[in-house]
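Worksheet: the structure to be examined is printed underneath.
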Amino acid sequence: MLERKEVPENLKWKLTDVFESDEAWDEEYKKVEETYAEYDFDAFKGKLSNKVDLLACLRLTDEISRRLERLYLYAHMRHDEDLRISKYTSKHARISALFPQIFARLSFVDPELTSLDEKVLQDFIADPDFADYDYKLRSVLKSKAHVLSEAEERLLALGSDVMGDFQSVFSMLNNANLNLPMAKLNGEETQMSHGTYGVVLHSENREERKEWFEKYYQAYINLIDSIAQTYFSNVKKDVFYKTVRNFASCKDMALHNEDVDGIVYENLIESVHGALPLMHDYISTRKKVLGLEGQHLYDVHMPLVADADIKISFEEAYELVIEGLAPLGKEYQELLRMGKEKGWIDVCENEGKRCGAYSAGIYDVHPYVLLNYQPTTTDVFTIAHEMGHALHTYKSVQAQPYSKASYTIFLAEIASTVNEVLLLKHLYKTSTDINFKKYLLNYYMDMFRATLFRQTQFAEFEQIAHARAEAGEALTKENLSEVYYQLNKDYYGDGVIHDPQIAYEWARIPHFYNSFYVYKYATGIVSALSIVKRILSEGESAVKDYFEFLSSGGCTDPVSILQKAGVDLTTKAPFEAAMQEFKDTLEEFKSLL
């Protein structure tokens with residue numbers, strides 16, 4: 001694997017667009033620290049019922065946030081380039097600590113706003129001068145029962161850095177301390193890595209898949225006591241916050257924080273459970289096509305069609321993505337080209353680099369994308385996925401003021417999944433190779449398995465784990481693994497051998513440290529399927545509606561924003577349509593066998 005300095009410059013992101021140098025970051029950090037350490041925030045106390053003072057306070061908060069976000073973005077991405085470099089670990093820790101130190105001194109704002117008479121808040125909401133903050137103020141009205149006193153809010157703000165550090169602990173365990181061993185790859189002993197593990201699971205060499213699967217999970221089993229305690233501590237943190245903020249459950253708190261109607265979550269769980277026989281049928285079909293007497297979990301990632309994987313360079317893959325997203329119009333395609341040419345993307349895996357992929361963006365700088373590109377179909381789709389995030393951010397920042405530019409996590413996975421589905425349908429439509437068509441159908445069904453069914457399985461695990469902790473039960477490596485193992489049986493059915501190692505899969509999922517995040521991947525694909533159907537059938541008018549969605553940021557509640565694109569998740573219709581799409585795809589695949 002390459003060291004960072006060996007990666008070509010054109011395959012690295014351009015972080016000088018955030019800060020020209022580490023020294024420039026240090027200078028801005030010092031200015032921010034000194035400026036706001038001495039600022040008299042108390043001058044606003046008791047005055048937020050006054051229009052002039054409230055506007056000044058809200059605008060000051062925006063100014064502080066923008067400067068802190070820029071500092072954080074640079075430190076975060078430099079740290080992710082190579083987790084072994086201590087100076088970036090230090091910068092990341094310093095800015096992470098500065099956030100709560102400053103905002104603890106503004107902890108009086110929400111309690112004071114909440115204490116205002118409802119009519120005063122309604123008048124502010126109706127005032128054109130508060131147009132940038134009307135949704136924030138409407139949210140304040142909804143949160144009256146969950147905001148504490150000024151002193152209590154200050155204590156919570158001061159403790160947020162410590163209370164939120166479990167994700168960092170898991171990241172160090174998962175990247176720096178996992179100690180993955182050597183394993184055979186194409187017959188040669190190779191150092192295992194997160195990125196290569198995914199590649200091997202898609203390979204045709206069953207013995208190597210088995211070896212990597214067993215050794216990979218053994219590495220987590222070796223750390224299972226530490227990981228279990230870290231996860232339990234994270235859940236206890238959630239229970240603490242739901243208790244002090246007077247929510248019925250951690251799930252209710254998470255949904256409230258994103259202003260999402262609980263019926264959406266219920267619709268998802270009910271629809272997925274109703275479609276589990278389809279999932280079992282798909283798994284059994286895989287077993288039949290592969291001709292396996294016994295199908296193991298390390299077999300379910302292998303393509304059902306041999307020699308049909310897309311193995312192309314990053315340059316070729318990126319052009320293919322641009323071509324596949326043509327239904328979104330020339331403007332969208334040009335934005336994709338701009339992102340690649342202007343240094344938004346960090347492409348290659350290197351020693352010490354954070355695994356996986358993500359998009360990150362702030363208001364004052366263009367978005368960034370981290371990849372660990374490998375020449376597989378999965379990674380071609382990852383390009384489309386992450387650039388969907390990036391351009392969602394870009395369009396929202398263009399159209400919205402700072403206070404409304406950030407969309408919630410609930411909306412975050414929709415644009416990315418729209419890109420994936422459009423790319424897949426383009427490839428299927430333009431191919432004349434029956435073998436490749438079967439491959440794409442298999443890939444599409446695996447999208448359902450991984451993004452809809454698997455993420456809902458994760459969401460159920462989180463719900464069960466939190467409910468047990470809420471009831472006062474300790475979470476241990478034994479009961480967590482028992483719950484997960486049973487869920488795996490429920491979701492995958494009898495068409496697969498449930499290898500004992502899979503009981504520990506929960507221990508390697510980083511999203512579990514951002515609680516009740518994963519279900520939004522599932523609602524994301526449900527929403528994306530409806531949007532794609534409209535775009536391909538209605539054309540320009542549907543694209544216009546979709547661009548309005550992309551440009552809406554967080555201007556109102558996310559369910560209403562999604563309705564701009566023609567999707568209403570408070571009804572069963574989008575979920576039923578998604579399950580029908582899965583059923584139709586499975587039947588079409590069977591017809592080609």
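Predicted model only: the values in this text are computed from it and were never measured. The basis for the numbers below is simple: all heavy atoms, side chains too, and nothing from hydrogens, waters or symmetry mates.
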| request: I would like to know whether Y428 and Y444 meet ring pair (Phe, Tyr, Trp, His ring centres under 6.0 Å); could you show each step before the answer? | output: CA-CA 10 Å; Y428 189 80; Y444 196 21; 8.9 Å; no
| said: Donor-acceptor pair, distance only, cut-off 3.5 Å: does the side chain of N257 make one with the backbone of M253? | reply: yes
| Side-chain (S359) to main-chain (Y368) donor-acceptor, under 3.5 angstrom | yes
| request: Name all residues meeting the salt bridge (charged side-chain N to carboxylate O under 4.0 Å, His left out) criterion together with K237; count only those two or more places apart in sequence or in a different chain, and write none if there are none. | output: none
| remark: CZ (R286) and CG (L290) are apart, to the nearest 0.5 Å, by 5.5 Å
| Heavy-atom side-chain proximity of F410 to L569 below 4.5 angstrom | yes
| If you draw a 6.0 Å radius around CD in E188, do more than 12 non-hydrogen atoms from other residues or ligands fall strictly inside? | no
| field | Pair listing, salt bridge (Lys or Arg N to Asp or Glu O under 4.0 Å) test, anchored in residues 513-533, at least two apart | value | E258-K520
| task | Compare all side-chain heavy atoms of Y265 with those of K251 and state whether any distance is below 4.5 angstrom. | result | yes
| query | Just by distance, do the side chain of D446 and the backbone of R449 share a donor-acceptor pair under 3.5 Å? | reply | no
| Restricting to pairs with a member in residues 265-274, which pass salt bridge (Lys or Arg N to Asp or Glu O under 4.0 Å), not counting sequence neighbours? | E270-K572
| request: Look only at the side chain of N350 and the backbone of L2, and say whether a donor-acceptor pair between them is shorter than 3.5 Å. | output: no
| Can you tell me if D379 uses its side chain to pair, donor with acceptor, with the backbone of A317 under 3.5 Å? | no
| said: Looking at E293 and K287, is there a salt bridge between them, counting it only when a charged N and a carboxylate O are closer than 4.0 Å? | reply: no
| note | Sequence neighbours excluded, the answer for salt bridge (charged side-chain N to carboxylate O under 4.0 Å, His left out) partners of K215 is E211
| task | Determine the minimum heavy-atom distance between K438 and L592, stating which atoms define it. | result | CD-O, 3.5 Å
| said: Is the shortest side-chain heavy-atom distance between V347 and K12 below 4.5 Å? | reply: no
| said: Going by the rule salt bridge (charged side-chain N to carboxylate O under 4.0 Å, His left out), which residues pair with E505 if we only count those two or more places apart in sequence or in a different chain? | reply: R454, R508
| task | Could you walk me through whether Y358 and H389 pass the ring pair (Phe, Tyr, Trp, His ring centres under 6.0 Å) test, one step at a time? | result | CA-CA 8 Å; Y358 65 72; H389 287 308; over 10 Å; no
| request: May I ask you to test the Y519-Q455 pair for a side-chain heavy-atom distance under 4.5 Å? | output: no
| message | Measuring centre to centre across the rings, with the benzene-like ring taken for any Trp, is H466 within less than 6.0 Å of F516? | response | yes
| query | With sequence neighbours left out, what residues match E214 under salt bridge (charged side-chain N to carboxylate O under 4.0 Å, His left out)? | reply | K210
| field | pair I310-F436: side-chain heavy atoms closer than 4.5 Å | value | yes
| task | Decide, yes or no, whether a salt bridge links K590 with D281 under the criterion of side-chain N to carboxylate O below 4.0 Å. | result | yes
| task | Flag the pair D80 and K353 as a salt bridge only when some basic side-chain nitrogen lies within less than 4.0 angstrom of an acidic carboxylate oxygen. | result | no
| task | Please step through side-chain contact (heavy atoms from CB on, under 4.5 Å) for the pair I227 and W506, ending with a clear verdict. | result | CA-CA 10 Å; I227 295 174; W506 64 269; 4.2 Å; yes
| message | Please check: side-chain N/O of S171 versus main-chain N/O of S168, any donor-acceptor pairing under 3.5 Å? | response | no
| said: Once you measure the plane-to-plane angle for Y318 and F314, does it fall in the parallel (<30°), tilted (30-60°) or perpendicular (>60°) bin? | reply: tilted
| Residue pair Q295 / I497, side-chain heavy-atom distance below 4.5 Å | no
| field | Non-hydrogen side-chain atoms of V518 and E462 separated by less than 4.5 Å | value | yes
| request: Check whether the ring centres of F453 and Y492 lie less than 6.0 Å apart, and answer yes or no. | output: no
| query | With distance as the sole test, does Y485 use its side chain to make a donor-acceptor pair with the main-chain N or O of Q501 at under 3.5 Å? | reply | no
| request: Give the ring-plane orientation class for W344 versus Y394, where under 30° counts as parallel, over 60° as perpendicular and anything between as tilted. | output: tilted
| said: Do the side chains of R206 and D299 get close enough for a salt bridge, i.e. N-O under 4.0 angstrom? | reply: yes
| query | Any donor-acceptor pair under 3.5 Å linking the side chain of T451 with the backbone of F448? | reply | no
| field | Sole candidate of E81, E349, E351 that passes salt bridge (charged side-chain N to carboxylate O under 4.0 Å, His left out) when paired with R4 | value | E81
| field | Check against ring pair (Phe, Tyr, Trp, His ring centres under 6.0 Å), Y216 and Y220 | value | CA-CA 7 Å; Y216 192 71; Y220 286 96; 5.5 Å; yes
| request: Assess whether atom NZ of K583 is packed by more than 12 heavy atoms of other residues, nucleotides or ligands within 6.0 Å. | output: no
| request: Please work out which of the three classes, parallel, tilted or perpendicular, describes the rings of Y217 and Y197, given edges at 30° and 60°. | output: perpendicular
| So do the side chains of N205 and V200 get within less than 4.5 Å of each other, counting heavy atoms only? | no
| said: Check the orientation of Y298 and H296. Use parallel for under 30°, tilted for 30 to 60°, and perpendicular for over 60°. | reply: parallel
